[in-house]
Amino acid sequence: MTGAAWHARIRCGPRTGSGFLVTERHVLTCAHVVHRAESAPVDVTFAQLRGAERELTARVVGDGGWAGHDTDPGDLAVLELDRDVPLKPAEFAAPSDAYGDPPRRLIAYGFPHHYDEGTLAEYRATADQLIAGEWVQLEAWAGHGQPLAPGFSGAAVTLADTGQVVGMVSAAARRPDVRNGRMLPAHVMARYWPPLGALIPTPEYERHDKERLRALVEAVARQDGLECRPEQLYRDAVGPLGPPVPAHGFRSLWDAAWYLLSEVPDRAAVRRFTARLADFAAAAPTRYALRSWPHPGRDTRPAPRPAERPAWAPILVEIAPSGSGDDRFLVEVSVYNGRHRRLVGSRTLPAGRVRGYALERIDEAFYDLDPDARELIAFVLPRRWLNTDVARWARSADDDSPLGSFAPVVVLDLERRRSGMLQRKLTQQWRHLDTRDKGRLHHVRCDALGQDPTKLTVGLRSGGADIVGFGVPPRTDAGRRLFAASLNAPVPVLVWPRSGCRGGPSHTDCRGRAFLDRLTAHLADLPPGELPSFVHGLRQEAYASDGPEPHWAHDLALLWEDPRCLPDPVAYQHSPVG
């Protein structure tokens, strides 16, 4: 197996090194072997071929950003040959195959001085731990034999029993009495040259899956002016309890994508990464192709876009338990501009600092909105926070006016946004609503708090309502149960007063009944898609009212959820200790 013809000798100026064929026309080697390629030709020789076919010229078409010192990362160069080679390229092993107990015997085929036909060196990996996030240490298999002398740089490191590649020799000890060296593992090389990712086995993913993700990364890279932060996209994908960003960070968007593919054994995380990344991609065909990834329980066919849909440009404020304490929350503010979603800011904070941070990021997000777009501020809140009057938060430290007087403000339920089934049903519900000019309103009156929550959920799922109006806030056990029952049904809109009646047996003239009567009078002829704007107008009236009694809508809360305006909700991982 070690006699495979894809081993190559590389010459560039006075330096000789090694390389190996990975496609019919591409050879990998160390960047330091060909660092003079701009002034000297790069000659590639396949020692096991004969005649004119064995010697070719090449040019450098890719690199890892190596800066010129022994300890600099990215010591990788991709060579493109002047013609295809009639050889079968190298095959790669899975990243974990280089290690074991007992250790796996590894073979390097190099071209040191006086060995024009090449020679073998036997080594093993000390451990699978990366040095500086980049290299694996190699140590000699035995106390004798060929050391990793100059000329081995760029040599493929293969498994002795299969001949599959696990890495590339990148350095050797300078002292002849020290028989160790360094290997750039294959999965690290793939950070720098994305096509390599398709060649390296990853047990959880097929090659075409990785190619789709690579195509999406490249599509985003071609878009000028997009700010796409690899670390934040990675954190979005793994969730607050997932593996942290590696110490070396991510040098590119592909680096983050490949780290997920090769080192995070969570298919759902890759789906989440893809979903977030798709928001940055402008090309609809690419977006829909990636939507076809298998997803248990979800219809993977691309959903047709409605002929008419509300032209909202949402600013999304997501507040979720961080998992690091009962009083700490992960706050993320994003902005949608067309199909693009840009993360404005993300931070884990104690509850007392959530409001200030969110308001600062909301203000920053307005810079990204198109001047003609219809702004919408959508808060995704834990269920116990849904009655929080975010619409009355002061707009900024310099402006005490309520946020809800400045722009339409709606809330969404965090649990429902994370449910694939409910998001799908909500999308279907909105498609039906697009064909009607008004929604159907269902009342939950003050004297109805004793009804069976399960029956309410089933009844609402049967299609009996598009809007649920509550006469009471979710502040009692009975009120919270019916509120949760409504959220478990695909009802796009919930409206309720944040204060007032708490329910009871006789409520003919209470504030809750009056609220529902006003709600019916004002919402009867309105399309649900326009409710954020309408409620925004009501709030402006209420805030400006100076009558002896509070305006009937002074504490009106609106839960309004159209997944088409806020696509691809993230399905976070559950806590492993839950």
Distance-minimising heavy-atom pair for F46 and A8: CE2-CB, 3.8 Å

Applying salt bridge (charged side-chain N to carboxylate O under 4.0 Å, His left out), which residue pairs with at least one partner in residues 181-197 are found, sequence neighbours left out? E134-R191, R191-D255

From D72 atom CG to H69 atom NE2, the distance as rounded to the nearest 0.5 Å: 6.0 Å

Pair R235 + E231: basic N to acidic O under 4.0 Å: no

Sub-4.5 Å side-chain heavy-atom contact between L349 and F329: no

In sequence, state the C-alpha distance, the side-chain angles, and the governing distance for R361 and E332, and then conclude on side-chain contact (heavy atoms from CB on, under 4.5 Å). CA-CA 9 Å; R361 301 289 80 75; E332 295 187 340; over 6 Å; no

side-chain hydrogen bond (donor to acceptor under 3.5 Å, both in side chains) partners of T348, counting only residues at least two apart: none

Working to the nearest 0.5 angstrom, can you tell me the gap between H7 NE2 and F111 CZ? 8.0 Å

For I200, does its backbone N or O pair with a side-chain atom of K210 as donor and acceptor, under 3.5 Å? yes

State, yes or no, whether a side-chain contact exists between E38 and V60 at a heavy-atom distance under 4.5 Å. no

Mind checking what makes side-chain hydrogen bond (donor to acceptor under 3.5 Å, both in side chains) contact with N488, not counting sequence neighbours? none

Pairwise side-chain contact, V22 with L199, heavy-atom cut-off 4.5 Å (strictly under): yes

Decide side-chain contact (heavy atoms from CB on, under 4.5 Å) for L330 and S346; before the verdict, give the C-alpha distance in whole Å, the side-chain angles of both, and the deciding distance to 0.1 Å. CA-CA 7 Å; L330 176 64; S346 175; 3.7 Å; yes

Does any part of the side chain of V157, heavy atoms only, come nearer than 4.5 Å to the side chain of V165, both counted from C-beta? no

P321 vs P382 side-chain heavy atoms within contact, under 4.5 Å: yes

Would you please test F379 and L412 for side-chain contact (heavy atoms from CB on, under 4.5 Å) and show each step? CA-CA 6 Å; F379 283 82; L412 293 82; over 6 Å; no

Got a sec: does the CD of E117 have more than 12 other heavy atoms crowding it under 6.0 Å? yes

Inter-residue atom distance L106.CG - R124.CZ, 0.5 Å rounding: 10.0 Å

Is the backbone of V245 close enough, under 3.5 Å, to the side chain of Y259 for a donor and an acceptor to pair up by distance? no

Might you confirm whether atom OH of Y115 has over 12 heavy atoms from other residues, nucleotides or ligands at distances under 6.0 Å? no

Rounded to the nearest 0.5 Å, what's the gap from CG on D97 to CD on Q164? Could you check? 7.0 Å

Less than 4.5 Å apart, side chain to side chain, heavy atoms only: is that true for E122 and R105? yes

Is it true that R25 and E80 make a salt bridge, defined as a side-chain N closer than 4.0 Å to a carboxylate O? no

Under 3.5 Å, side chain of T16 to main-chain N/O of G151, donor-acceptor pair present? no

Checking S262 side chain against H187 main chain: does a donor-acceptor pair fall under 3.5 Å? no

Side chain proximity check, C12 to R15, heavy atoms < 4.5 angstrom: no

Assess whether a salt bridge exists between R104 and D161, defined as any Lys/Arg side-chain N lying under 4.0 Å from an Asp/Glu carboxylate O. yes

Is a side-chain N or O of Y123 found less than 3.5 angstrom from the main chain of L148, in a donor-acceptor match? yes

Considering the options Q423, R416, K425, E561, which one meets the side-chain contact (heavy atoms from CB on, under 4.5 Å) requirement together with P490? K425

Rounded distance (nearest 0.5 Å) linking atom SG of C30 with atom CG of L76: 8.0 Å

Atom CD1 in I315, atom CD1 in I362: separation rounded to 0.5 Å? 7.0 Å

Any side-chain to backbone donor/acceptor pair from W6 onto G19? Under 3.5 Å, distance only. no

Do the ring centers of W66 and Y192 come within less than 6.0 Å of each other? no

Can you find a heavy atom in the side chain of V136 that is under 4.5 Å from one in the side chain of Y99? yes

Within the distance-only criterion (no hydrogens, no angle test), does the side chain of D75 pair as donor or acceptor with the backbone N or O of H32 below 3.5 angstrom? yes

Establish, yes or no, whether a centroid distance under 6.0 Å links the rings of F250 and Y234. yes

Run the side-chain contact (heavy atoms from CB on, under 4.5 Å) test on V333 and L316 for me, step by step, so that the C-alpha distance in whole Å, both residues' side-chain angles and the decisive distance to 0.1 Å come before the verdict. CA-CA 6 Å; V333 179; L316 186 69; over 6 Å; no

